[in-house]
Protein chains: 2
Amino acid sequence: MKPELCKVDQALGILVGKWKPIILLHLFNEGTQRFSELKRLMPEITQKMLTKQLRELEDEDIVNRVVYPQVPPKVEYSISAYGQSLQPVLAVMHEWGTNHASHIAKMKNDYVIGDSLVK
Amino acid sequence: MKPELCKVDQALGILVGKWKPIILLHLFNEGTQRFSELKRLMPEITQKMLTKQLRELEDEDIVNRVVYPQVPPKVEYSISAYGQSLQPVLAVMHEWGTNHASHIAKMKNDYVIGDSLVK
DNA sequence: TCCTTTAGTATCTTTTTGTATACTATAGCA
DNA sequence: TGCTATAGTATACAAAAAGATACTAAAGGA
């Protein structure tokens, strides 16, 4: 396959950002959530960021956004039918990531024990 | 699985950056390459970026770096044995990315045809 | 009447990424 | 002697991503 045809970054574009994987994970785990519920699940995120990430995911047809015309407003987010296709991708990445974390830990450990003390 | 245990970003950390996927792809495709060969394969990248990305991949044990003690210098890069484990991850992402590109194209197209002219 | 709630916007500042450009050492060659 | 080639480093700068903070509308309740 030719490097110029690489579409890895298409997937990457959906997933990168400090918050997108965790937003997706919450929606996959807990199903439909309203804005304030997501915010409560992620106390560290600012509203601006949450709004922005959700809009981007909506633009890519990964999440659905449903607005109820009432006051105070109510807006619900969920993984779209198409968005479900991301699940195996996230699963593979999560699995590799989990393994990688222990690989790196092991490497560093071996190094320290083997050389006893190198910086 | 609990969101706080999500390790997707571990994988993401290896892959993000404007250049990493393409560097990896070149190394997967063409095997061992020296610095200047990689540079020639990616004329747009600056030396600083190429050096930086390669160092980061080396730190994560994804690529091997072999220095030949000669002048002018010769340094060869290749995917490490452990780095091979990334291949299925990249494959899944590439596959999803390819499909996603056409999904989005189709969506936009439908929209324009369906509504004839919006915005 | 004022306070609370919700799902945002609007600005501004900081941090992180990436780019541009110039510079280095040294062997071998003309 | 001066030029080329290689794999970088150093410095300055620009652009993108993220964070902090303040603000909004309008219904319902005290």
Side-chain angles (χ1 to χ4, degrees), chain A residues 3 6 8-27 30-60 62-78, chain B residues 3 6 8-27 30-60 62-78:
Chain A
C6 173
V8 167
D9 48 342
Q10 286 274 341
L12 233 34
I14 307 299
L15 265 16
V16 292
K18 187 171 170 183
W19 299 104
K20 280 191 191 139
I22 193 149
I23 291 172
L24 290 171
L25 201 52
H26 280 299
L27 291 176
E30 342 260 337
T32 302
Q33 300 285 311
R34 45 194 301 195
F35 186 86
S36 55
E37 290 169 326
L38 285 171
K39 181 75 185 65
R40 265 188 283 275
L41 290 168
M42 295 171 278
E44 308 282 76
I45 199 175
T46 62
Q47 276 179 291
K48 179 192 166 187
M49 272 296 117
L50 183 52
T51 302
K52 188 166 168 264
Q53 307 305 302
L54 286 168
R55 285 292 190 287
E56 288 174 14
L57 291 168
E58 192 197 357
D59 288 345
E60 301 284 350
I62 308 297
V63 312
N64 290 136
R65 176 170 179 268
V66 179
V67 181
Y68 295 83
Q70 60 186 48
V71 169
K74 175 177 173 184
V75 180
E76 281 184 346
Y77 293 92
S78 56
Chain B
C6 173
V8 167
D9 49 341
Q10 286 276 338
L12 233 35
I14 306 298
L15 265 15
V16 292
K18 188 170 169 183
W19 299 105
K20 279 190 189 138
I22 192 147
I23 291 172
L24 289 172
L25 201 54
H26 280 299
L27 290 175
E30 341 261 337
T32 302
Q33 300 284 313
R34 43 194 303 197
F35 187 87
S36 55
E37 290 170 325
L38 285 172
K39 181 75 185 65
R40 264 188 283 276
L41 289 169
M42 295 171 278
E44 310 281 78
I45 199 176
T46 62
Q47 274 180 293
K48 182 189 167 188
M49 270 297 117
L50 184 51
T51 302
K52 188 165 167 263
Q53 306 306 303
L54 286 168
R55 286 290 189 289
E56 289 174 13
L57 291 169
E58 193 197 355
D59 288 347
E60 301 282 351
I62 308 297
V63 311
N64 289 136
R65 176 169 179 268
V66 179
V67 181
Y68 295 83
Q70 61 186 45
V71 168
K74 176 178 175 184
V75 179
E76 282 185 347
Y77 293 91
S78 57

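In what follows, every chain begins at residue 1, and chains take the letters A, B, ... in the order their sequences are listed. Computed over heavy atoms, backbone and side chain alike; hydrogens, waters and symmetry mates excluded.
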Report summary line: Nucleotide by nucleotide, nucleotides 4-17 of chain D touches protein heavy atoms under 4.0 Å in the pattern (B base, S sugar-phosphate only, - none) -BBBBS-BB-----
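The two residues B:Y77 and B:R65 have their closest heavy-atom pair at OH-NE, 3.2 Å.
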Under 3.5 Å, side-chain donor or acceptor atoms of residues 13-21 of chain B against the rest of the protein: list the pairs with distances, not counting sequence neighbours.
| from | atom 1 | to | atom 2 | distance (Å) |
| --- | --- | --- | --- | --- |
| B:K20 | NZ | B:E56 | OE1 | 2.5 |

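Among residues two or more places apart in sequence or in another chain, the salt bridge (charged side-chain N to carboxylate O under 4.0 Å, His left out) test is passed with A:E37 by none. Take B:E76 and apply the side chain to side chain donor-acceptor pair (under 3.5 Å) test, not counting sequence neighbours, and it matches B:Y68. The salt bridge (charged side-chain N to carboxylate O under 4.0 Å, His left out) search around B:K39 returns none, not counting sequence neighbours. For A:E60, the side chain to side chain donor-acceptor pair (under 3.5 Å) test picks out B:H100, with sequence neighbours left out.
Put simply, chain A comes within 4.0 Å of DNA chain C, heavy atom to any atom, from C:dT5 to C:dC12, going 5' to 3'.
B:T32 OG1 to B:R34 CZ: the interatomic distance, rounded to the nearest 0.5 Å, is 12.5 Å. In this structure, the separation between NE2 on A:H26 and CD on A:Q33 is 8.5 Å, given to the nearest 0.5 Å.
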Report summary line: For DNA chain D, the dot-bracket notation using Watson-Crick and G-U wobble pairs below 3.5 Å, [ ] for pseudoknot-type crossings and | for other-strand pairs, is ||||||||||||||||||||||||||||||
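Under the 4.5 Å side-chain criterion, counting only non-hydrogen atoms from C-beta, B:L54 is in contact with B:L38. A 4.5 Å side-chain heavy-atom check between B:V8 and A:I22 finds every atom pair outside the cut-off.
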